Amino acid sequence: MSIRFNDNCIGCGACAKVCPGSLIKIKDNRAYIKYPKDCWGCVSCVKVCKVNAIEFFLGEDMGGSDTYMQVETKDHYLDWKFYDSNGLKRTIEVDRTSSNKY
């Protein structure tokens with residue numbers, strides 16, 4: 001599993017605070033992960049990011065090497081958006097109060 005930060009990152013540090021492995025750091029008002037391969041795949045950072053700046057890449061068993069997920073926050077819901085090389089593939093709406101069940 002691995003993550004990537006896109007240009008939406010504002011360096012707020014919310015992702016770094018929730019990373020259980022303390023892998024995410026903030027430098028020059030931008031989040032980064034030095035060794036993306038060390039990511040545990042818990043998606044805590046993806047769920048907490050308010051600006052859709054984190055892309056979580058799915059393994060072969062979960063969609064393929066070019067598939068990634070982003071989360072968009074909408075009031076009490078999270079829209080889990082899955083993309084592949086052709087663009088948006090699927091959106092799953094999840095109630096924020098139960099988002100840690102998935």
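None of these values were measured; they are calculated from a predicted model.
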Set of residues satisfying side-chain contact (heavy atoms from CB on, under 4.5 Å) with respect to K81, sequence neighbours excluded: E72, D79, Y83, L88, T91
Tell me, please, which residues at least two apart from I92 pass side-chain contact (heavy atoms from CB on, under 4.5 Å). W80, F82, R90, V94
Who pairs with R4 by salt bridge (Lys or Arg N to Asp or Glu O under 4.0 Å), at least two apart in sequence or on another chain? E55
Return the set of residues passing salt bridge (Lys or Arg N to Asp or Glu O under 4.0 Å) with D28 (not counting sequence neighbours), or none when no residue passes. none
At their closest point, which heavy atom of M69 faces which heavy atom of V46, and how far apart are they? CE-CG1, 4.0 Å
Does the side chain to side chain contact (heavy atoms under 4.5 Å, CB included) test come out yes or no for K50 and N8, once each step is laid out? CA-CA 10 Å; K50 302 283 190 218; N8 294 344; over 6 Å; no
Determine the minimum heavy-atom distance between W40 and G21, stating which atoms define it. CZ2-CA, 3.6 Å
List, by chain and then residue number, the residues other than V18 in its hydrophobic cluster (Ile/Leu/Val/Met/Phe/Trp/Tyr, side-chain heavy atoms under 4.5 Å); write none if there are no others. V48
Checking C45 now: which residues fulfil side-chain contact (heavy atoms from CB on, under 4.5 Å) with it, not counting sequence neighbours? I3, C15, I24, I54
Residues passing the ring pair (Phe, Tyr, Trp, His ring centres under 6.0 Å) test with Y32, sequence neighbours excluded, are none
Identify the two heavy atoms, one from G11 and one from I26, that lie closest to each other, and give their separation to 0.1 Å. O-CG2, 3.9 Å
Tell me the salt bridge (Lys or Arg N to Asp or Glu O under 4.0 Å) pairs involving residues 12-22, sequence neighbours left out? none
